[in-house]
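First comes the structure, then the notes that go with it.
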Amino acid sequence: MTEGILGCGLTEFVGSAIGDTVGLVIANLDESLREKIQLDKRFRSIGIVSARIGGGTHVMAADTAVKETNTEIISIEFSRDTKGGAGHGITVIFGSIDVSDSRRAVEIMLKELDEQFGNVYVCDAGHVQLHYTARASYALHKSFSAPMGKAFGITIGAPAAVGMLMADTAMKSGNVELCQYASPTVGTSYTNEIIIAFSGDAAAVKQALLAARDAGLSVLRGMGQNPVSMTKPVW
Amino acid sequence: MTEGILGCGLTEFVGSAIGDTVGLVIANLDESLREKIQLDKRFRSIGIVSARIGGGTHVMAADTAVKETNTEIISIEFSRDTKGGAGHGITVIFGSIDVSDSRRAVEIMLKELDEQFGNVYVCDAGHVQLHYTARASYALHKSFSAPMGKAFGITIGAPAAVGMLMADTAMKSGNVELCQYASPTVGTSYTNEIIIAFSGDAAAVKQALLAARDAGLSVLRGMGQNPVSMTKPVW
Amino acid sequence: MTEGILGCGLTEFVGSAIGDTVGLVIANLDESLREKIQLDKRFRSIGIVSARIGGGTHVMAADTAVKETNTEIISIEFSRDTKGGAGHGITVIFGSIDVSDSRRAVEIMLKELDEQFGNVYVCDAGHVQLHYTARASYALHKSFSAPMGKAFGITIGAPAAVGMLMADTAMKSGNVELCQYASPTVGTSYTNEIIIAFSGDAAAVKQALLAARDAGLSVLRGMGQNPVSMTKPVW
């Protein structure tokens with residue numbers, strides 16, 4: 001992260017990462033802005049991470065960050081972005097009493113991204129994303145209605161029909177419970193995606209994700225595309 | 001369509017087409033997903049077609065498909081897409097009792113697209129689209145408030161000002177009745193378009209479309225652009 | 001502007017400009033369309049300017065145009081556009097009794113853009129924009145809640161975290177009053193931006209903008225980017 005600080009000379013700059021992601025901290029956010037973002041009065045410091053691509057990916061990373069730090073998720077907002085692609089950009093705001101906690105959350109989030117992007121497969125026509133956690137926390141609860149502390153999975157496919165087949169495959173693959181369904185005009189920011197989020201026991205959630213991944217990648221290949229992982233698949 | 005099935009090995013895969021379009025069928029959609037898409041209880045099967053570009057174009061194709069098959073339109077959703085362009089992507093869901101009907105609807109829709117894209121003219125700055133049917137059916141009724149069974153036309157122009165001149169030209173060209181007006185923040189998914197849909201007798205609707213096409217193409221050319229048909233213009 | 005008229009042969013064509021911007025006039029807008037855009041009954045003529053990029057930039061230009069002509073702002077709509085970038089496209093409609101007034105407004109607006117784009121800095125990851133007027137008028141009032149006649153500034157940064165640091169820097173730099181705050185899901189059309197608008201005395205507003213510009217450009221540089229002005233910075 002030191003590069004970033006050297007790179008731009010701002011104490012607020014924490015670092016950047018894959019996804020045109022940038023992470024900043026503000027030790028003492030201006031009071032009129034605190035009102036606008038409805039920052040709890042206990043907090044004066046925020047960490048803020050924005051990215052052009054990888055909405056779900058960043059929520060996963062934020063979930064790890066909030067679990068491991070003394071911060072709260074203030075907001076998660078999804079822009080319609082991906083630089084001409086079919087999905088979401090994202091902005092996550094953490095709040096903390098001490099700026100060092102927000103800084104730590106941003107650092108963890110940036111560090112997590114490389115692994116999380118392993119299960120994001122992209123091609124010209126669209127993308128397939130799978131996300132898994134053994135224990136969902138506040139970020140996933142806020143964005144995807146995850147039950148706290150339970151194993152949790154997300155499938156995302158674009159163009160949206162790809163996501164529908166992934167959703168159907170995941171739901172049929174085993175004993176998982178649907179927590180959220182989002183489509184281009186409901187629950188997304190007008191992306192070309194169908195997204196589901198579900199919980200269950202760890203093995204069932206993983207099995208559902210693997211089955212959905214195979215279905216999604218097969219459809220994209222059937223379209224003549226060659227979807228590739230953005231980093232390195234973890235499973 | 002056989003290529004597709006061979007290409008990806010999924011029985012659900014029906015085919016792909018111009019527009020990064022993909023068409024799938026699911027014979028027995030998972031019950032929790034059926035609820036989410038509000039699928040009528042009579043139906044267990046769906047056909048689903050998603051595309052990155054050509055919102056209006058795909059509605060035209062869906063309209064033909066629903067007319068010629070024993071299916072119903074369950075939903076039509078417009079994403080903000082076109083891969084960095086100014087318009088919409090789309091997802092159409094057909095419902096049927098028997099999966100063979102949904103499959104037939106998806107097949108017809110994919111086959112229709114080549115002709116429908118003939119009246120989509122694109123250039124770097126934007127696009128001009130014209131759509132005509134002699135007899136509007138359920139898809140056009142649902143998306144564009146078309147009176148059932150009547151001759152019906154749609155004009156789309158981007159950037160939005162192009163669409164406004166096309167709209168004005170169409171409305172003044174003859175005896176047509178305005179059914180719908182959509183602009184970047186009303187009735188679109190925040191696209192950079194002005195869209196109108198209108199009905200009337202067949203000759204009047206056609207004349208309105210031809211006049212609008214000439215106006216729209218002239219503006220794009222005035223901007224120094226060279227709008228070209230995506231396939232082959234049919235009129 | 002003469003080129004445009006020659007270029008496309010339409011009397012409605014006024015001209016084009018940077019930003020894939022096109023300006024048109026319609027002397028006697030079709031009556032059904034007048035209703036749809038809620039054009040005051042006094043007016044029959046409109047000027048309409050649409051652009052693929054530079055939402056804020058075009059509002060500034062429209063503000064100058066409405067100040068200097070006998071027109072009214074009928075609507076300002078922001079599309080989610082920028083051709084795959086992080087921001088807004090825009091459509092501005094002027095109304096007037098006489099078409100020559102609308103034409104004049106469109107001409108002024110197109111002419112203003114070159115200077116206004118000077119304070120728009122772009123790079124692959126995002127953008128930084130600063131806008132200043134000594135005296136806000138109807139366009140800024142309508143779009144950004146500007147108090148009429150007062151010095152007024154706007155800061156825009158993308159990805160959104162860049163905009164947040166710019167906002168914080170601006171608000172802390174001096175005695176300015178926050179008029180509007182917009183983020184990806186509130187007050188924007190799902191762009192990847194945080195935007196603030198503020199008023200105050202001229203010197204304070206300018207100082208806030210300069211401080212915000214430096215902060216925003218520093219963050220983008222910290223991301224390894226090289227933001228450059230779209231034309232020529234004016235301050």
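Computed from heavy atoms alone, side chains included, the values below leave out hydrogens, waters and symmetry copies. We name chains A, B, ... by the order of the sequence lines, and we start the count at 1 in each one.
In terms of heavy atoms, B:G222 sits closest to C:S16 at O-OG, 4.2 Å. C:L33 and B:A167 get closest at one heavy-atom pair: CD1-C, 3.7 Å. In this structure, C:D81 and B:G85 approach most closely via the heavy-atom pair OD1-O, 4.1 Å. Nearest heavy-atom pair across B:S218 and C:L10 is CB-CD1, 3.6 Å.
With a threshold of 4.5 angstrom between heavy atoms, C:A17 does not approach chain B through any atom at all. Contact of C:T21 with chain B is made through the backbone alone, with heavy-atom distances under 4.5 Å. Both the backbone and the side chain of B:L165 come within contact range of chain C, judged by heavy atoms closer than 4.5 Å. Residue B:E193 does not touch chain C at all, counting heavy-atom pairs closer than 4.5 Å. Heavy atoms closer than 4.5 Å to chain C are found in the side chain of B:I194, but not in its backbone. B:I196 touches chain C through its side chain: at least one heavy atom from C-beta onward sits under 4.5 Å away, while N, CA, C and O do not. Contact annotation for B:S183: both backbone and side-chain heavy atoms come within less than 4.5 Å of a heavy atom of chain C. Contacts between C:Y190 and chain B at a heavy-atom distance below 4.5 Å involve the side chain alone, from C-beta outward.
Put simply, of C:G89, C:S32, C:G84, the one with the most heavy-atom pairs under 4.5 Å next to chain B is C:S32. By number of non-hydrogen pairs under 4.5 angstrom with chain B, the leading residue of C:K83, C:R52, C:E31 is C:R52.
Residues C:E12 and B:V219 have side chains not in contact (no heavy-atom distance under 4.5 Å, counting atoms from C-beta outward). Counting only heavy atoms from C-beta outward, the side chains of C:I26 and B:K172 approach each other to under 4.5 Å. Looking at C:T91 and B:N192, their side chains come closer than 4.5 Å, going by heavy atoms from C-beta outward.
Not a single donor-acceptor pair under 3.5 Å links the side chain of C:D30 to the backbone N or O of B:D168. B:R80 places a side-chain N or O within 3.5 Å of a backbone atom of C:R80 that can act as its donor or acceptor partner.
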The test is side chain to side chain contact (heavy atoms under 4.5 Å, CB included); show your working for C:K36 and B:V186 and say whether it passes. CA-CA 10 Å; C:K36 292 291 183 182; B:V186 181; over 6 Å; no
Next on the checklist: Does B:M164 form a side chain to side chain contact (heavy atoms under 4.5 Å, CB included) with C:I37? I'd like the steps, not just the answer.
Outcome noted: CA-CA 11 Å; B:M164 179 63 99; C:I37 66 166; 3.8 Å; yes
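Counting non-hydrogen atoms of other residues, nucleotides and ligands closer than 6.0 Å to CG of B:N175 gives a total of 12 or fewer. The environment of C:D98 atom CG is dense: over 12 non-hydrogen atoms of other residues, nucleotides or ligands sit within 6.0 angstrom. Other residues, nucleotides and ligands place no more than 12 heavy atoms under 6.0 Å from the CZ atom of C:R104.
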